[in-house]
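Being a predicted model, the structure only gives us computed values, none of them experimental.
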Amino acid sequence: MAFEFIDKSETRTKLLRYCESNIIKLQKNLSEYFTFQFFLIGSGSTRLLMVNGKDNHIDFDYNLVLKRYDPNLLKQPSKIRELFMKEIQKVFGSQKDLKKANSTSVISTYLGNLYGYKFSIDFAIMYEDNNGAYQKLIFDKNSNKFIWNIVPKSNHFMDKFLKVKQLAGMLELKEIYKDKKNKYINDKNKKSFSILLETVNEILDKYD
């Protein structure tokens with residue numbers, strides 16, 4: 001069994017409402033330190049949400065993009081990570097629910113069974129630099145520290161995503177994205193945002 005798109009719109013809606021209502025709580029709880037926007041991978045179209053048919057597992061991927069922040073705090077990525085971890089624990093569950101706490105690139109919550117599926121959420125913490133590229137908070141094993149790392153080919157992503165929808169349409173985008181998700185199904189380091197970026201850039205190269 002491989003990745004397939006979630007075909008029940010009611011289930012998608014319930015899961016989205018659950019996630020977004022809790023992320024809004026995160027925004028409120030962290031507002032004294034910074035503000036952030038949240039983007040579900042494939043933002044603007046829930047048709048990109050998928051389920052792993054092997055174990056009936058749905059894993060939502062959210063980018064949490066810092067918008068208003070103290071520049072000095074931005075220089076302390078480990079503190080930013082700690083702040084998010086603390087509040088995610090409060091909002092989404094206890095420490096034991098936070099699997100992959102030492103992941104190099106995301107904070108993950110496993111929520112058990114929800115609406116008939118095994119369900120988890122991956123949060124990537126980012127900010128957009130002066131060149132329009134995303135800088136992602138990751139754990140650098142060489143320095144044993146959390147650092148900001150540029151996401152390759154992420155410049156002006158949302159503009160590119162909308163352009164692809166206009167040029168190729170959602171059907172072609174879905175087909176290529178699905179193929180790539182299954183291609184990387186056993187690669188735990190290949191996150192959905194990277195796969196979506198690869199898809200978008202591939203289609204743009206085709207049409208440009």
Side-chain angles (χ1 to χ4, degrees), residues 6 9 11-51 58-70 73-74 76-93 97-101 103-111 114-115 117 119-129 132-139 146 148-151 154-162 164-165 173 177 181 191-197 199-200:
I6 302 172
S9 60
T11 300
R12 290 199 305 264
T13 300
K14 287 179 178 178
L15 291 172
L16 286 168
R17 285 176 178 169
Y18 170 82
C19 292
E20 295 183 4
S21 64
N22 281 303
I23 295 174
I24 288 170
K25 292 178 185 177
L26 284 180
Q27 288 179 315
K28 181 179 179 180
N29 293 351
L30 290 167
S31 61
E32 66 175 292
Y33 303 102
F34 43 72
T35 64
F36 67 89
Q37 291 180 306
F38 58 92
F39 299 98
L40 181 67
I41 299 307
S43 179
S45 175
T46 59
R47 287 173 288 176
L48 288 179
L49 302 180
M50 307 189 82
V51 57
I58 295 175
D59 184 10
F60 279 9
D61 294 86
Y62 278 96
N63 289 348
L64 308 181
V65 183
L66 302 180
K67 302 304 291 185
R68 179 182 60 78
Y69 47 82
D70 183 338
L73 181 59
L74 197 66
Q76 304 175 66
S78 61
K79 183 175 181 179
I80 293 173
R81 166 93 175 193
E82 288 172 7
L83 289 168
F84 271 110
M85 282 286 291
K86 180 181 178 180
E87 296 305 326
I88 287 172
Q89 287 172 19
K90 289 181 181 178
V91 173
F92 286 95
D97 297 314
L98 293 177
K99 68 181 180 69
K100 292 188 280 187
S103 167
T104 59
S105 61
V106 297
I107 297 172
S108 294
T109 61
Y110 176 65
L111 300 164
L114 196 62
Y115 304 117
Y117 294 92
F119 185 62
S120 60
I121 312 170
D122 285 350
F123 297 104
I125 303 168
M126 302 182 175
Y127 77 93
E128 193 172 359
D129 66 23
Y134 284 123
Q135 297 276 349
K136 184 175 183 179
L137 200 162
I138 68 164
F139 184 75
F146 286 101
W148 295 107
N149 186 59
I150 191 168
V151 180
S154 64
N155 300 63
H156 309 293
F157 166 71
M158 286 307 301
D159 292 338
K160 291 179 180 178
F161 182 74
L162 293 174
V164 163
K165 287 176 67 177
L173 180 63
Y177 180 73
K181 282 283 288 186
K191 301 300 180 182
S192 293
F193 185 51
S194 296
I195 296 172
L196 184 58
L197 275 174
T199 302
V200 166

Within the distance-only criterion (no hydrogens, no angle test), does the side chain of [X] pair as donor or acceptor with the backbone N or O of [Y] below 3.5 angstrom?
X      : Y      : result
Trp148 : Leu74  : yes
Thr199 : Ile195 : yes
Gln135 : Ile150 : yes

* Near-ring test Phe119/Phe60, centroid separation under 6.0 angstrom -> yes

* Can you list the steps and then say if Val65 with Phe36 is a side chain to side chain contact (heavy atoms under 4.5 Å, CB included)? -> CA-CA 5 Å; Val65 183; Phe36 67 89; 5.8 Å; no

Which heavy atom in [X] sits nearest to a heavy atom in [Y], and how many Å separate them?
X      : Y      : answer
Leu197 : Ser154 : CD2-CA, 3.9 Å
Ser105 : Lys136 : O-CE, 3.3 Å
Tyr177 : Met50  : CE2-SD, 3.8 Å

* To do: Would you please name every residue forming a side chain to side chain contact (heavy atoms under 4.5 Å, CB included) with Lys86, sequence neighbours left out?
  => Lys90

* Can you name the residues that form a side chain to side chain contact (heavy atoms under 4.5 Å, CB included) with Asp70, not counting sequence neighbours? ->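 Expected list: Asn72, Leu73.
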
Atom pair [atom1] ([X]) and [atom2] ([Y]), whose distance is rounded to the nearest 0.5 Å:
X      : Y      : atom1 : atom2 : answer
Phe38  : Gln27  : CZ    : CD    : 5.5 Å
Leu64  : Gln37  : CG    : CD    : 11.0 Å
Asp61  : Ser192 : CG    : OG    : 3.5 Å
Asn22  : Ile88  : CG    : CD1   : 10.5 Å
Leu30  : Ile80  : CG    : CD1   : 10.5 Å
Met126 : Asn149 : CE    : CG    : 10.0 Å

* How are the rings of Phe193 and Tyr134 set to each other: parallel, tilted or perpendicular (split at 30° and 60°)? ->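 Perpendicular: the ring planes of Phe193 and Tyr134 meet at over 60°.
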
* **Parallel, tilted or perpendicular, as decided by the 30° and 60° cut-offs, for the rings of Phe92 and Phe123** =>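 Phe123 and Phe92: tilted rings.
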
* **Residues Phe34, Phe84; criterion ring pair (Phe, Tyr, Trp, His ring centres under 6.0 Å); working and verdict** => CA-CA 11 Å; Phe34 43 72; Phe84 271 110; 5.2 Å; yes

* Asked: Hey, does Leu49 have a side-chain heavy atom less than 4.5 Å from the side chain of Leu40?
  ->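 Of all side-chain heavy-atom pairs linking Leu49 with Leu40, at least one is under 4.5 Å.
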
* Are Phe139 and Arg81 close enough that some pair of their side-chain heavy atoms sits under 4.5 Å apart? ->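 Not in contact.
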
* Count the heavy atoms belonging to other residues, nucleotides or ligands that lie under 6.0 Å from OH of Tyr18, then report whether that count exceeds 12. => yes

* To do: With Ile107 as reference, evaluate Ile121, Ile125, Leu137, Asp122 under the side-chain contact (heavy atoms from CB on, under 4.5 Å) test and give the passing residue.
  => Ile125

